[in-house]
Amino acid sequence: MKPQEIWKRNTKRILIAVVVLLIYIWAFSGIPVIQIKETSGEVFSSIMSGIFSPDWGYVYDPAGEDLLRTLLETLAIALLGTFISSLLCIPFSFMAARNIAKTKFMVGTSKSVLSFIRVFPDIVLALLFIKAVGPGPFAGVLALGIGAVGMLGKLIAESVESIDLSAREALIATGGNPVKTFMFAVVPQVLPNFFSFVLYRFEVNLRAATILGVIGAGGIGAPLIFALSVRDWERVGIILLGIIVMVTILDAISSRIRSRLI
Amino acid sequence: MIEFNHVSKVYPNGTTALNEVDLQIEDGEFVVVVGLSGAGKSTFLRSINRLHEVTEGEILINGESITKARGSSLYRMRREIGMIFQNFNLVRRSSVMRNVLSGRVGYHSTLRMILGLFPREDKDIAMQALERVNLQEKAYSRADELSGGQQQRVSIARALAQEAKLILADEPVASLDPMTTKQVMDDLARINKELNMTMVVNLHFIDVARQYATRIIGLREGEVVFDGPVGQATDEIFSDIYGRPVHKDEMLGEM
């Protein structure tokens, strides 16, 4: 490399560093002085003591709303939402795969639809569905069911694009029509990835379902926000414990199944 | 019987892959097609089961035109023709059994195949096909756990399960070593004799072609330049097909 080029390259690097530094200075200068509320220490220790002396009576209450029931509702929202999105994403993922879709137009359209869906965070979708179908778990199910299509469709389309299509030629040669060819040459190659992505999305949805209740879309989030607002720390403690136990157990089961699939 | 009636194939870019091919292949023949790469061997083979369309002429199989066949009659005609590929074209993730069973899809309704329900007899047929290539103990292994030679024999079993009357083999041994080449070619020869299945095989190696063929068809630039019993295919004939003296690497040797 000529000395001139080295000098040019170094100047470029210094310039970039200066610009990045300026952006940081500008960004930090906009933050108000960090203030910690005087009560925060007290709140934190209350939460901790709540977790260590949880309200065991809330776990099961035959008469009214209890922990197990709301946890079950949360799980049901996640399961149903994942199930709906796993069905909805199938046509999109094949239409968005360059090696399967017939035209570039179809691929482009499907990919844009999928990215459009991915734009909305689950919470925003849930707010929209609460307006559409009223508050409750059904709004949560719809939000997760539609919201996950974007991610699942994209991931599955990419895994469809990576499969080996030579078996398709063999199936055509045996006299298979396009549907049979698809079922035998394409589906077996995509299925393990499909289930793996769906299970992963279930793990994500389960976490998402725990906060949907905060905005009124069903599940454990609602009692949590109520307990927090009345400073019932023992209640908060048991709810957090319940969420931790459920998410940990289901995550472990789901990852074990996924590791066996691939 | 396969009849080529003045068959030509010109690709959209102007390349002539087949030029006025006019010949018949009788039942039970073991035909080996030779020629340089690009001479039209693969197009010749693939036009028989219409994986490739021809641009002129007609191909008849047992008197029925596959060139004109449409929809379900095309599927039924393809069902009678087994095919073996250079790269095996198995579903590598699926079991050997499932790959062999996929040769049976032409016999069942689409709905049944979506559900993947094969009758008991099909599983017996598939098992017998695997026995014929000596792989019955691998039936429930995944296809990608097998060696190249074994995978190629699975694809032969798939063609057998299809209960085809004719097997097309496109460079079936090109990606195999000499040892497995012999096994695969022996399997094909045995099936040809025992089941009287017609074989049409594209081969690269001249000595392998001589050893197994009953008839040799030589293609050069899409034209049939030699067609006769294997005894007449002398070294001079091969030089003529290739348009130059035969090279060492066109002999497999060691056989």
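Note that the structure is a prediction, hence the values are computed from the model and not measured. Chain letters run A, B, ... following the sequence lines, proteins first and then strands; every chain starts at 1.
Counting heavy atoms of neighbouring residues, nucleotides and ligands inside a 6.0 Å radius, atom CZ of A:F182 exceeds 12 of them. Counting heavy-atom neighbours within 6.0 Å of B:K9 NZ, excluding the residue itself, gives a total above 12. The 12-atom threshold is exceeded at CZ of B:R112, counting heavy atoms of other residues, nucleotides or ligands nearer than 6.0 Å. Atom OH of B:Y75 has more than 12 heavy atoms from other residues, nucleotides or ligands within 6.0 Å. For B:F118, the CZ atom sits in a packed shell: over 12 heavy atoms of surrounding residues, nucleotides or ligands are nearer than 6.0 Å.
Counting heavy-atom pairs under 4.5 Å between each of A:V179, A:L171, A:N177 and chain B puts A:N177 at the top. For the options B:N87, B:I114, B:N49, B:L74, heavy-atom pairs under 4.5 Å to chain A are most numerous at B:I114. Across A:T174, A:I172, A:T181, the residue that shares the most heavy-atom pairs under 4.5 angstrom with chain B is A:T174. The residue among B:R104, B:R93, B:R79 with the most heavy atom pairs within less than 4.5 Å of chain A is B:R93. Put simply, of B:M113, B:M77, B:R50, the one with the most heavy-atom pairs under 4.5 Å next to chain A is B:M113.
Within the 4.5 angstrom heavy-atom criterion, only side-chain atoms of B:R46, from C-beta onward, approach chain A. Contacts of B:S109 with chain A are made by backbone atoms alone, with heavy-atom separations under 4.5 Å and no side-chain atom involved. For chain A, the nearby part of B:S94 is the side chain; its heavy atoms alone come within less than 4.5 Å.
Expressed to the nearest 0.5 Å, how far OG of A:S166 lies from CD of B:Q86 amounts to 11.5 Å. Here CZ of A:F184 is found 10.0 Å from CG of B:N99. Values are rounded to the nearest 0.5 Å. For the atom pair CD of A:E169 and CE of B:M83, the computed distance is 6.5 Å after rounding to the nearest 0.5 Å.
In terms of heavy-atom proximity, B:V105 sits nearest to A:K180 at O-NZ, 3.0 Å. Heavy atoms only, all atoms of each residue included: A:A173 and B:Q162 are closest at O-NE2, 3.7 Å.
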